[in-house]
Novice: 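Take this structure first; my questions come after.
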Amino acid sequence: MTAWLIQIAPDERRRDIRRELADADRLHKRLMMLIPDDLGDDARTLAGLLFRVDRTRTGTRLLVQTRLEPALDRLPPGYAQAATRKLGPFLDSITNGAAVHYRLTANAAKRGGRTAGPQEGKIIPLRGAAADDWWANRAARCGLELRSLTGTPEDDVTGLRYDGRRIRHALTRFDGHAIITDPEAVCSAVLDGVGRARSYGAGLLSLAPLRAAG
């Protein structure tokens with residue numbers, strides 16, 4: 001399998017970066033610069049471009065994943081420090097029964113059913129325990145048996161599309177340990193993303209081996 005993982009530490013003193021971090025559509029367009037221009041209308045899906053914004057006490061980090069080798073030289077000079085590594089060797093090494101750390105920032109949501117009243121047929125954001133239940137159910141389809149789950153609400157991702165439509169998606173970050181039960185399903189979840197709003201910083205599933213103590 002071929003995939004690249006890029007860690008980008010943007011210079012938040014720059015006005016353009018602060019605007020992009022505050023507008024999901026601007027940030028999406030910036031990161032799409034890392035892939036070729038000739039992929040057509042479904043370029044993000046074809047390239048498998050996913051990203052997550054991780055905010056810590058030491059600053060903001062963008063974690064970007066793509067199936068196509070990224071062109072980091074297309075970022076503006078001085079935009080950020082960036083490092084790239086191939087994800088394929090890790091994906092190829094995944095085995096049934098392996099223990100892993102996971103992190104996923106997702107747009108947990110469901111479509112309103114017949115009992116949802118005015119929200120029937122609409123996408124309803126899930127928060128708190130409902131969001132945790134969403135991930136617990138979805139994880140099994142992703143080839144993971146969860147052993148622990150910590151859900152952390154994130155600020156809604158917002159922005160303004162080119163057609164004037166407002167963007168707003170609820171985000172929850174899920175962290176914990178899991179056992180791999182279906183390596184093929186896990187790889188598909190990592191490469192394709194999980195849930196909705198994948199263009200706007202949701203859906204990137206990160207895994208790391210869980211080392212035995214001692």
Novice: By salt bridge (charged side-chain N to carboxylate O under 4.0 Å, His left out), which residues pair with Lys29, not counting sequence neighbours?
Specialist: Asp25

Novice: What is the minimum heavy-atom distance between Asp11 and Gly78, and which atoms define it?
Specialist: CB-O, 3.9 Å

Novice: Could you list the residues that satisfy side-chain hydrogen bond (donor to acceptor under 3.5 Å, both in side chains) with Thr56, not counting sequence neighbours?
Specialist: Thr58

Novice: For residues 59-70, which residue pairs qualify under salt bridge (Lys or Arg N to Asp or Glu O under 4.0 Å), counting only residues two or more places apart or in two chains?
Specialist: Asp54-Arg61, Arg67-Asp192

Novice: Within the 4.5 Å heavy-atom criterion, are Pro10 and Arg18 side-chain neighbours or not?
Specialist: no

Novice: Apply side-chain hydrogen bond (donor to acceptor under 3.5 Å, both in side chains) to Arg173 and list each qualifying residue two or more places apart in sequence or on a separate chain.
Specialist: Asp175

Novice: Enumerate the residue pairs fulfilling side chain to side chain donor-acceptor pair (under 3.5 Å) with a member in residues 72-81, sequence neighbours excluded, ordered by first and then second residue.
Specialist: Glu20-Tyr79, Asp37-Arg74

Novice: Can you list the residues that meet the side-chain hydrogen bond (donor to acceptor under 3.5 Å, both in side chains) rule with Thr45, with sequence neighbours excluded?
Specialist: Asp42

Novice: Between CD1 of Ile180 and CG of Asp182, what distance do you get to the nearest 0.5 Å?
Specialist: 9.5 Å

Novice: Using the side-chain hydrogen bond (donor to acceptor under 3.5 Å, both in side chains) criterion, which residues pair with Arg26? Sequence neighbours excluded.
Specialist: none

Novice: For Asp41, does the CG atom have more than 12 heavy-atom neighbours from other residues, nucleotides or ligands under 6.0 Å away?
Specialist: no

Novice: Determine whether the side chains of Glu12 and Thr60 contain a donor N or O and an acceptor N or O closer than 3.5 Å.
Specialist: yes

Novice: How would you list all residue pairs meeting salt bridge (Lys or Arg N to Asp or Glu O under 4.0 Å) that involve residues 127-136, not counting sequence neighbours?
Specialist: Arg127-Asp156

Novice: Which residues pass the ring pair (Phe, Tyr, Trp, His ring centres under 6.0 Å) test with Tyr102, not counting sequence neighbours?
Specialist: Trp135

Novice: Give me each pair satisfying salt bridge (Lys or Arg N to Asp or Glu O under 4.0 Å) with a member in residues 139-152, each pair once, sequence neighbours excluded.
Specialist: Glu145-Arg147

Novice: Holding to side-chain contact (heavy atoms from CB on, under 4.5 Å), I want the full list of residues that pass it with Ala47, two or more places apart in sequence or in another chain.
Specialist: Ile35, Leu39, Thr66, Leu68

Novice: Can you tell me how the ring of His169 sits relative to the ring of Tyr200, calling it parallel under 30°, perpendicular over 60° and tilted otherwise?
Specialist: parallel

Novice: Just to verify, what does Arg166 make a side-chain contact (heavy atoms from CB on, under 4.5 Å) with, not counting sequence neighbours?
Specialist: Leu160

